[in-house]
Trainee: 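Quick one: the structure is below, questions incoming.
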Amino acid sequence: MQIHIFRDAQLAGRAAATLIAAQLLRKPDSILGLATGSTPIPAYETLIDMHQTGMLDFSQAVSFNLDEYVGISPEHPCSYHHFMQEQLFAQVNIRPENVHIPDGNAPDLTAAAKAYDAAILQAGGIDLQLLGIGRNGHIGFNEPGEHFVYGCHKVALSQSTIQANRRFFETEADVPRYAVSLGIGSIMQARQVLLVATGSDKAEAVRRALEEDVSPQWQASILRTHPDVVFLLDEAAAGKLRHRP
Ligand code: F6R
C-alpha cells in the first residue's frame, strides 16, 4: 500500500492522471475502471490536456465505469453516462464501443449486473481501477453494511449518500434511491487500485479506511488487503490520520 499526500485536490488529481497515463503508455489497450463524482474531475482534466497536447492516446483503451443510478435516462444531466461523456469521453479519442457503464434502466437489473461482471472478465479484468470515496466510506456504491458484496449488484443508496449527492440535483426528492454498482470483489480483482480522496469531509472515511479494522461498515477499509493500492490524498482528506506516511 502506498499513501501520498498532496497540498491540494488539484495536485492529487494530477498525480492520479499521471499514474493512469503511465498505465496507458505501458499498455495502450489497458482496461480502465473509472469513477464519477467531483473527485476525479481534476484527473480527467489533466488526462484531456495530455491527450489534446498529443501525449496520450486512448484509441485502444477500454473502460468500465463503477456505477450508475437506477431509473434515470442516460441523457439525464445527472446520470453517470452523461457525466462521463462531458467530463472525459467526448474530449479524448476513446472508442464509444470500448466504453462500458452499468445500465440502470435494464429490465432485469440482476441479469444486466451479471453480464457486466462477465464483460469485465471477458475483457481480461481491470488493469487500473480509479476510485473516489464516500463520506461514509463507500467505494463504488458499496454502502456500509454487514457484508462485502462480491459482484455487480443493485444497491439502495444510504441516506448519507443521498444527502451528499443532493448537490447535483434540484431537490433531494430528485436524487435516485437506487444504483447499480460494481461489487467489492470486482474492485479487489483490479490489478492496481488508485483511490483519490480530497476535502475535509472525507477525512473521517480516510482515517477509518487506513487506521481502523477492516470492516464492511467502512467498505474502503478492504483496500488495505489489496496487493497494489495507492491512496492519493490532499492535506484536508489526510487531516485526521494519526500516522502520516
Ligand atoms: C462514483 C462513485 C462514488 C464516489 C463517491 C465520492 O462513481 O463510485 O463512490 O466516488 O461518492 O463522490 P465525490 O467524488 O463526488 O465526493
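Owing to the predicted nature of the structure, the values given are computational and were not obtained by experimental measurement. Order of appearance sets the numbers: ligands from 1, and atoms from 1 within every ligand.
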Trainee: So if I count the atoms of ligand 1 from 1 in the order they appear, which ones are less than 4.0 Å from some heavy atom of G37?
Mentor: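 Counting from 1, the qualifying ligand atoms are 14 (O), 15 (O).
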Trainee: Do the side chains of E212 and R224 get close enough for a salt bridge, i.e. N-O under 4.0 angstrom?
Mentor: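 Between R224 and E212 there is no salt bridge, as every charged N stays at least 4.0 Å from the carboxylate O atoms.
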Trainee: In the protein, what heavy atom is nearest to atom 2 (C) of ligand 1, and what distance, to one decimal place, separates them?
Mentor: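 It is D67 OD2, 3.3 Å.
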Trainee: Number the atoms of ligand 1 from 1 as they appear, then name those within less than 4.0 Å of a heavy atom of G132, with their elements.
Mentor: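 Counting from 1, the qualifying ligand atoms are 10 (O).
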Trainee: Applying a heavy-atom cut-off of 4.0 Å, say which part of N165 lies close to ligand 1: side chain, backbone, both or neither.
Mentor: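 Near ligand 1, N165 shows nothing, with every heavy atom at 4.0 Å or more.
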Trainee: Atoms of ligand 1 less than 4.0 Å from G140 heavy atoms?
Mentor: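 Answer for ligand 1: 2 (C), 3 (C), 8 (O), 9 (O).
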Trainee: Note the single closest protein heavy atom to atom 1 (C) of ligand 1, along with its residue, its atom name and the distance in Å.
Mentor: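 The closest one turns out to be T36 OG1, 3.2 Å.
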Trainee: What's the spacing between S63 OG and L88 CG if we round to 0.5 Å?
Mentor: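 So the gap between those two atoms works out to 8.0 Å.
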Trainee: Is R167 in polar range of ligand 1, meaning some N or O pair under 3.5 Å apart?
Mentor: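 Yes, since at least one N or O of R167 sits under 3.5 Å from an N or O of ligand 1.
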Trainee: Which is it for T39 and ligand 1 at heavy atoms under 4.0 Å: side chain, backbone, both or neither?
Mentor: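 Both backbone and side chain.
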Trainee: Run the salt bridge (charged side-chain N to carboxylate O under 4.0 Å, His left out) check on R167 and E172 step by step: do they pass?
Mentor: CA-CA 8 Å; R167 68 190 193 280; E172 189 175 315; over 6 Å; no
Trainee: In ligand 1, which numbered atoms sit nearer than 4.0 Å to a non-hydrogen atom of L66?
Mentor: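 Those qualifying, in numeric order: 8 (O).
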Trainee: Any idea which protein heavy atom is nearest atom 5 (C) of ligand 1, and the distance to it?
Mentor: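 Its nearest protein heavy-atom neighbour is H138 NE2, 3.3 Å.
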Trainee: Of the backbone atoms (N, CA, C, O) and the side-chain heavy atoms from C-beta on, which set of Q219 has a member under 4.0 Å from an atom of ligand 1: side chain, backbone, both, or neither?
Mentor: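 Q219 to ligand 1: no contact under 4.0 Å from either part.
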Trainee: Atom CD of residue position Q159 - does it have more than 12 heavy atoms of other residues, nucleotides or ligands inside 6.0 Å?
Mentor: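 More than 12 heavy atoms, drawn from other residues, nucleotides or ligands, come within 6.0 Å of this atom.
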Trainee: To the nearest 0.5 Å, how far apart are CG in N165 and CD in Q163?
Mentor: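 Here the interatomic distance stands at 10.5 Å.
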Trainee: State if R135 counts as touching ligand 1 under the rule of any non-hydrogen atom under 4.0 Å.
Mentor: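 No heavy atom of R135 comes that close to ligand 1.
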Trainee: For atom CD of E146, decide whether the heavy atoms of other residues, nucleotides or ligands shown that lie under 6.0 angstrom number more than 12.
Mentor: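 Counting neighbours around CD of E146, 12 or fewer heavy atoms of other residues, nucleotides or ligands fall under 6.0 Å, so no.
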Trainee: Does the distance from a Lys or Arg side-chain N to an Asp or Glu carboxylate O, for K27 and D127, drop under 4.0 Å?
Mentor: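 Answer for the salt bridge query: yes.
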Trainee: Any donor-acceptor pair under 3.5 Å linking the side-chain atoms of H138 with those of Q219?
Mentor: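 The criterion, which ignores hydrogens and geometry beyond distance, is not satisfied for H138 and Q219.
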Trainee: With atoms numbered from 1 as shown, which atoms in ligand 1 lie under 4.0 angstrom from a non-hydrogen atom of K202?
Mentor: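 Answer for ligand 1: 6 (C), 13 (P), 16 (O).
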Trainee: Any idea which protein heavy atom is nearest atom 6 (C) of ligand 1, and the distance to it?
Mentor: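 Answer for atom 6 (C) of ligand 1: I133 O, 3.3 Å.
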Trainee: Are the charged groups of E204 and K240 less than 4.0 angstrom apart, N to O?
Mentor: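 Looking at E204 and K240, the cut-off is met.
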